[in-house]
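Start at 1 and go down the list; that is how both ligands and their atoms are numbered.
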Amino acid sequence: MCENLSPMMQQYMRIKEQHKDEILFFRLGDFYEMFFDDALKASKELDLTLTGRDCGLDERAPMCGVPYHSCEGYIQRLLKKGYNVAICEQVTEPQKGRTLVEREVVRIYTPGTVLETGMLEEGKNNFLCSIATDKNTAGMCLADISTGQMLVTQLSGKDCQQKIIDQLGKFSPSEILLCQNSLQLKRALDDISEQIGCQVVKLVGDQFEPEQNARRIADQFGVADPSELGLTGKPLCSTAISILLHYLDHTQQKGVERIRELTIYQTDSYMNLDLSSRRNLELTETMRTGEKRGSLLWVLDKTKTAMGKRLIRSFVEQPLTGIVQIEKRLDAVGQLMQNLTARSEITEHLQKISDLQRLMSRIVFGSAGPKEVRALAYTASQLPSIRQSLTAFDCDLLRQCRDGIDPLNDLKALIDEAIEDDPPVTLKDGRVIRYGYNPQVDELRDLIDHSKDILLRMEAQVKEETGIRNLKVGYNKVFGYYIEVSKGQTDLVPDSFIRKQTLTNCERYITQELKELESRILNASDEIIALERQLYDGLCKKITAQIARVEETSHQLALLDTLISFAAVSERGGYVRPTVTAGEAIRIKDGRHPVVEKLQKDVPFVPNDTLLDERDNQIAIITGPNMAGKSTYMRQVALITLMAQMGCFVPASSAEIGIVDAVFTRVGASDDLAAGKSTFMVEMSEVAHILQNASRHSLLILDEIGRGTSTFDGMSIARAVLEYIGNRRKLGAKTLFATHYHELTALEESFSNVKNYNIAVKKRGDDITFLRRIVPGGADESYGIEVAKLAGVNDFVVNRAKEILASLESQDQPRHRQAAPRHEEEQPNLFAMSSQSKLEERIKQIDVNTLTPIEALNILYELAQMVKE
Ligand SMILES: Nc1ncnc2c1ncn2[C@@H]1O[C@H](COP(=O)(O)OP(=O)(O)OP(=O)(O)O)[C@@H](O)[C@H]1O
C-alpha cells in the first residue's frame, strides 16, 4: 500500500482489499462515499457526479457519494445491475485526540439478502436459494431473511434438473447459489433466470464437509443433532442448508438468527405445476404484460395485510393435493362467507395491522425505527378484537387461527410504557423514550427543556446564599456561563467564586457548581440520545426474545387474511363450494373463467359445462372457429380445478373435482424463444416434457398441438400424441385438446374414451356470431375467412381467399376445412379408415402378454362390437 496515502485512505484500501467483488460504500458523515474504480462504476450506473478527494497522492482520488438516509434506492439499482454492495460503517464514535474513527464492513447487500421494506416488493417473498446436486438427486434450500422463513426439499429422478426448474418457477428466488461442481445446472439456470425472476446465479465454493454441515445446522436451529430436524437420509439437503447459512454468515453480520425454523417441504403435498403451465395459466402475472392485473391472483387477492398478500400468492402457486387440508380450507371459507358481520369486523382490524414478519426481522437485525416498534404495539392492540370475532366460527382452521393469535399484551404494555405515542422516525431525532420510563432520561430532558428555569433557580439560590441582590447568571461564547456581580457588591463575593473577567461596572465569575451545570446542559442532548438508544436497544432485545410468539401470530393472521380474501371473492363472484374427491372425475356445471369474467364487465360471460374422467370422457377434442372461446374454456377448467385444490370456492353452479396431481398445459406459441429454439421446437420440447411427466391423475390442456409445422406433419403428431394419452397403459390422463385439424374428430369413432365438442357459432350469410356455448360434436366449419373479415382484413383479400378455398375444395385435396366425416365412404380424408383397417389397427394395439383375463374379455367384446357395426 502506498505510504503517501492519507491515514483514512489507507484504512479504505485495507478494507477494499477484503471486498474486491463488491462496491464499497464507505461511510463519511452523512454520506456513503465510493472511491477509485468503485466511484467510476457507481457514477456511471447511478448517474452520480464524479468529484475528486485529496488522498495524499499527486492526483485526487475519483470519488462520488450518496446520502446515507436515501441510500436504499441506489443500492437496489446496483443490485439490479448485477453488483453487490458492501456497507462500511464507523464503528467507533469520533473522539477528541483520535483522528481516525474505526470502520468495518457491517453488511453485504446481495439480491437475496435484502430485508429493507423499501427495497422489497410488497406481497412477494424475497428468497435466497441454494442447490446441492449429485447425479440424479438435489437438495434445495430457500430462505427469506426478511420473514425468517426457511424451506428445504429433496428432488430426485432422471429429470431432476427439470424438477429443480419447476420448483424455482414456483418460488422465484432472487438469487441462486450453486456448488462449484454444478456448472451444467448453472448454464441451464442462466438461460431461464429471467423467466423465474432470478437476478443472479452464483457458484459458491465446494461441497462442505458433512460434519461441518451438521454442526452449523445444529447451531442455527438449536438442536443437538440435525436428525431432530428430519434431515436423516437427506445429505444434499444438509449441504444446501449449509451453503445458504455460510453465505449468510459471510454477507450478514447480524440477523442470521432470525431464521429459527426449518420446514421440510414435501413436493407431493402440492400440485405439480411446471414453469410453462404457471405462465400459460397466468397464475400470478399475465404473459403479455407481466403484470398482476389480469392474473388469477389479481382476482383472488383481496387481502388486507402484507403477510396475507405473500401467503395468498403461495396458495395460488401451490394448490394442494391432500383432501383433508383442502376441505379444512373450504370449511373455513364457507363459514366466513356465511357470517358477514364477524368477517367485516375482522377485516376492519386486519386493515390496521403491520407486516409483523418483516417488522420482526428488522427488530432482530437492529434496523427497525421507533415508529416501526410503535406499529407493533398498535398491531397488538387489534389482536384481542380479532380473537373475539373469531369465536363466532366453529371449524378447524379458524379455531387454529384464534388459538394461534397471541394478543401480545405484554409486548404492547412494554412498548406503551417505553415509547412515545408518536415517536420520530429515527433515534437521532430524540424524544423516543416516554417521559416517566427512565429517571435519567427525564432529568436530561428536563435539563434541556428547562435550562433557562434551572439557571434562574440557581441565580435565586446564589443570591439568597450570598446576599448579593443584583447578581445575574449570563452566558458568553468565551467562557460559557458566568455570574455577574456589580462593582458595589463585590465584597460579598464568597471565596468559592473564581474571577474570570473585569468590566467597567462589574466583575464576572464562575463557580464549580455553575461549570458542572453548564457541561450537563451542553452535553444533555448527546447524552440523552445515547441513553435513549441504549434503552431502545434493550426494549428491542426484550421483543426479540418473544419472536416465536410474534411469528406464530403473524402466521395465523396471514392465514386468516387469505381465507377471508377467498370468502370475499367467492361471495362477490357467486362462487360455489366444490366437492373435492379422491375420484377421477371433473364435473363442472356452468363453469366460468374467473379472470375473463371479471375483465369483460360489459359482455356477459357464457357459462359452460365440463365432464372429464379417466374412462369414457378422458379426452375432449374441442373444435371451433378462431375466437370462439376454445382457449378460454380450457383454461377455465384448469383454473377451476386449481382454485378448488387451493381451498377456494369456484365460479360455477356446481363442481365436483377429483384431485389431480398435476396440470400440464401446452398453449399457443411460446413468445420468448429462449436458447435459440424455434417455435415448433419449443412446442415439441413442451410436449415431450408433458408426456414424460404427466400421470393418469394429471389434467392436460393442449391447445393446437402440431400447429407449428406442415399440416400433415402437424396432424400426424397431434393424432399420435392423442393416441398415446388415450392409451391407459401409456398415460390415460384427462385431457382437453383444442384443434383446428377437424380430421382429428374422427378419433371419437375409434376410441371410446374420446369425445368431440365444439364451440357453437351462428352463421348468417357471410357473418358469424359467437355463441360461446360448448356443445357435443365436431365443428362443421373453420370460419377462418369469416373471422378474418371480422378482424378487419380488407374485402379484396377476403374475397380472393374465398375463391382460393373454393378451388382447393373442388380439387381432391384433404379437406382441412370440413368437419370430420361421420361416414368415411362419403368424405374420405387423411384419418378416415375402413372398418377392416380399424379392426386391424385395434388388434395390432393389443399386447397379449400383459393383458389380464378381464381386460382380454373386454377387448373381445369391443372387437365383436366393431365387427357388428
Ligand atoms: N364463455 C365466454 N363468454 C363470453 N366471452 C367469451 C367466452 N369465451 C371466450 N370469450 C371471449 O372470446 C375471446 C376469444 O376467446 P379465445 O381466445 O378463447 O378463442 P379461441 O377459440 O381460443 O381462439 P383461437 O383459436 O383464435 O386461439 C376471449 O378473449 C373472450 O373475450
Mind checking what makes side-chain contact (heavy atoms from CB on, under 4.5 Å) contact with Arg278, not counting sequence neighbours? Lys170, Leu273, Leu283, Glu317

Angle class for the Phe566/Phe315 ring planes (parallel below 30°, perpendicular above 60°, tilted otherwise)? tilted

Could you give all pairs that pass the salt bridge (Lys or Arg N to Asp or Glu O under 4.0 Å) test and reach residues 648-657, with sequence neighbours left out? Arg587-Glu656

Go through the side-chain N and O atoms of Asp166 and Gln162 and say whether any donor and acceptor fall under 3.5 Å apart. yes

Is any side-chain heavy atom of Cys648 closer than 4.5 Å to one of Val333? no

Tell me the salt bridge (Lys or Arg N to Asp or Glu O under 4.0 Å) pairs involving residues 294-303, sequence neighbours left out? Lys292-Asp301, Asp301-Lys309

Ligand 1 N/O to protein N/O, distances under 3.5 Å:
unit_1   : atom_1 : unit_2 : atom_2 : d
ligand 1 : 1 (N)  : Val606 : O      : 2.9
ligand 1 : 3 (N)  : Val606 : N      : 2.9
ligand 1 : 5 (N)  : Gln600 : NE2    : 3.0
ligand 1 : 5 (N)  : Arg772 : NE     : 3.4
ligand 1 : 12 (O) : Arg772 : NH1    : 3.0
ligand 1 : 12 (O) : Arg772 : NH2    : 3.2
ligand 1 : 15 (O) : Thr632 : OG1    : 3.4
ligand 1 : 18 (O) : Ser631 : N      : 3.2
ligand 1 : 18 (O) : Thr632 : N      : 2.8
ligand 1 : 18 (O) : Thr632 : OG1    : 2.5
ligand 1 : 19 (O) : Gly629 : N      : 3.1
ligand 1 : 21 (O) : Ala628 : N      : 3.2
ligand 1 : 21 (O) : Gly629 : N      : 3.0
ligand 1 : 21 (O) : Lys630 : N      : 2.9
ligand 1 : 21 (O) : Lys630 : NZ     : 2.9
ligand 1 : 22 (O) : Ser631 : N      : 2.9
ligand 1 : 22 (O) : Ser631 : OG     : 2.6
ligand 1 : 23 (O) : Met627 : N      : 2.8
ligand 1 : 25 (O) : Lys630 : NZ     : 2.8
ligand 1 : 25 (O) : His740 : NE2    : 3.4
ligand 1 : 26 (O) : Asn626 : ND2    : 3.2
ligand 1 : 26 (O) : Met627 : N      : 3.3
ligand 1 : 31 (O) : Gln600 : OE1    : 2.7

